[in-house]
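Along the sequence shown, residues are numbered consecutively beginning with 1.
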Amino acid sequence: MEFLLYGADTGTATLYAIEPRGDKDAPPSVVRDHLDLGRRWTHIVSGWFTDDRMSSLLCYNANNGSAAFVQAGTGGSVTTVRETDTWRRGWTHILPVYLGKRTLDGIIFYNASSGTAQIYSTDGQGYISRLYDYTWRKGWSHILAGEFDYGVAGSVSDLFFYGSASGAGQAYSIDGEGAIRKVRDHSLEPGWTHLVRGQLGAAAGHRMLFYDSRAGRGRSCGITSGSGTLDTIATHGDMRHGWTHVLPVPSAWAENLLFYDAADGGGSLFRATSRGELTRSSEDFRLPRNGTILAAGHFQGPGAAEVRRGGAG
């Protein structure tokens, strides 16, 4: 699997690959640079929107409602499938969601100020169809879609919501038509600046990593199967301060966690043990400074089945 780093000021992205080197990995290598994705995208998410073998990108500008579906090709090439300027403005969160019987991913849109949410299916040609409208709680700072095994009959994916200001959390299941069902509420510690889902050493399904960039600490958590209970697996008290981006980059051989600081371009790769402990998996490296978005995906070839569920990245 590869990842790209996009800068809104220039409108260009660089595509990187991570190659294994025994128990360690080589620092990310450039596959292709100066990919022109257009300027001022506020969101870029990777998923299976236009092809079920290679990842595609959904680019969106929350300020003017413009959007584009971009398909990856061999050698790191990209092709715009469809562009539009008629989407609703102001979405603060966009994420792909696996909808089971549908070959391609669906999309969740959410506005943290109003609580408005919508779930859409995709048709592979850059068109979307609304499945559900929702009014959710205001102020969610993070929403994850993944395989958390809440144990709800008919569920094909799971959602987790977290509000950094309040510490509130909620777990939901989602079925193949986009209907959601609340599993449980959580009262969590406020203040986490980053929340990502990944394998994180689990034998199956997904775990979560909470990270506080101001305090330089983190916590790996898992879900108790069938209940939605959130359990701490490991704590990380000596992490670097100031990471601006945290990105799981799964692959057929291992999953890496990419940490990136947009201020100085610094980057590090880590892997998680089965106990959730984080170990450095490569030498530290430098990426371009001032990157605004990171996205992981299968941008050069067919995707691995083990990372298919829940979308790529």
Side-chain angles (χ1 to χ4, degrees), residues 3-15 32-52 54-73 76-99 102-136 138-143 145 177-178 244-245 247 262 288 290-299 311-313:
F3 71 90
L4 63 83
L5 175 63
Y6 167 81
D9 288 343
T10 64
T12 60
T14 302
L15 179 63
R32 188 163 180 172
D33 56 8
H34 302 296
L35 286 169
D36 185 8
L37 295 180
R39 295 190 179 186
R40 304 299 180 185
W41 297 121
T42 56
H43 299 67
I44 298 178
V45 297
S46 169
W48 310 88
F49 304 125
T50 59
D51 191 315
D52 63 359
M54 295 179 67
S55 299
S56 46
L57 300 171
L58 168 55
C59 307
Y60 168 73
N61 186 315
N63 299 311
N64 60 21
S66 60
F69 283 101
V70 178
Q71 178 60 53
S77 62
V78 293
T79 302
T80 299
V81 176
R82 183 173 182 266
E83 295 178 283
T84 180
D85 58 3
T86 62
W87 282 14
R88 180 172 183 155
R89 302 178 184 182
W91 295 120
T92 55
H93 297 66
I94 300 177
L95 62 155
V97 60
Y98 178 62
L99 294 179
R102 302 173 189 271
T103 303
L104 301 171
D105 281 338
I107 307 169
I108 295 175
F109 297 87
Y110 169 70
N111 183 301
S113 297
S114 65
T116 302
Q118 294 176 340
I119 299 180
Y120 285 79
S121 63
T122 57
D123 72 347
Q125 304 300 315
Y127 293 89
I128 60 177
S129 299
R130 190 183 308 179
L131 300 176
Y132 276 92
D133 291 273
Y134 291 103
T135 300
W136 291 342
K138 300 177 183 179
W140 294 123
S141 57
H142 300 79
I143 304 175
E177 299 300 326
T244 56
H245 298 70
L247 180 72
N290 301 319
T292 53
I293 298 173
L294 281 170
H298 292 283
F299 298 125

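Here the closest non-hydrogen pair linking Ala262 and His245 is CB-CE1, 4.4 Å. Scanning all heavy atoms of the two residues, the minimum distance from Pro96 to Val45 falls at CD-CB, 4.3 Å. Smallest separation of non-hydrogen atoms from Phe69 and Thr122: CZ-CG2, 4.5 Å. Here the closest non-hydrogen pair linking Trp140 and His93 is O-CE1, 3.3 Å. The two atoms that bring Arg88 and Tyr60 nearest to each other are O-OH, 2.7 Å, heavy atoms only. Nearest heavy-atom pair across Met54 and Ala72 is CE-O, 3.8 Å.
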Next on the checklist: Applying side chain to side chain contact (heavy atoms under 4.5 Å, CB included) to Val70 and Cys59, what does each step give before you reach the verdict?
Outcome noted: CA-CA 8 Å; Val70 178; Cys59 307; 4.2 Å; yes
Checklist entry - Can you check side chain to side chain contact (heavy atoms under 4.5 Å, CB included) on Asp85 and Asn64, steps first, answer last? => result CA-CA 7 Å; Asp85 58 3; Asn64 60 21; over 6 Å; no
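The shortest distance between side-chain heavy atoms of Tyr134 and Ile108 does not fall below 4.5 Å. Using a 4.5 Å heavy-atom cutoff, the side chains of Arg82 and Gln125 are not in contact. Using a 4.5 Å heavy-atom threshold, the side chains of Phe299 and Ser46 count as touching. Side-chain atoms of Thr12 and Thr14, non-hydrogen and from C-beta on, never get closer than 4.5 Å to each other. Using a 4.5 Å heavy-atom threshold, the side chains of Val81 and Phe49 count as separate. The closest side-chain heavy-atom distance from Leu35 to Leu4 is not below 4.5 Å.
Here the side chain of Thr50 pairs no donor or acceptor atom with the backbone of Gln71 at under 3.5 angstrom. The backbone N or O of Gly65 lies less than 3.5 Å from no partner atom in the side chain of Thr86, so there is not a single donor-acceptor pair. When atom types are taken as modelled, the side chain of Asn61 and the backbone of Arg40 share a donor-acceptor pair closer than 3.5 angstrom.
Here the straight-line distance linking atom OG1 of Thr10 with atom CG of Asn290 works out to 9.5 Å at 0.5 Å rounding.
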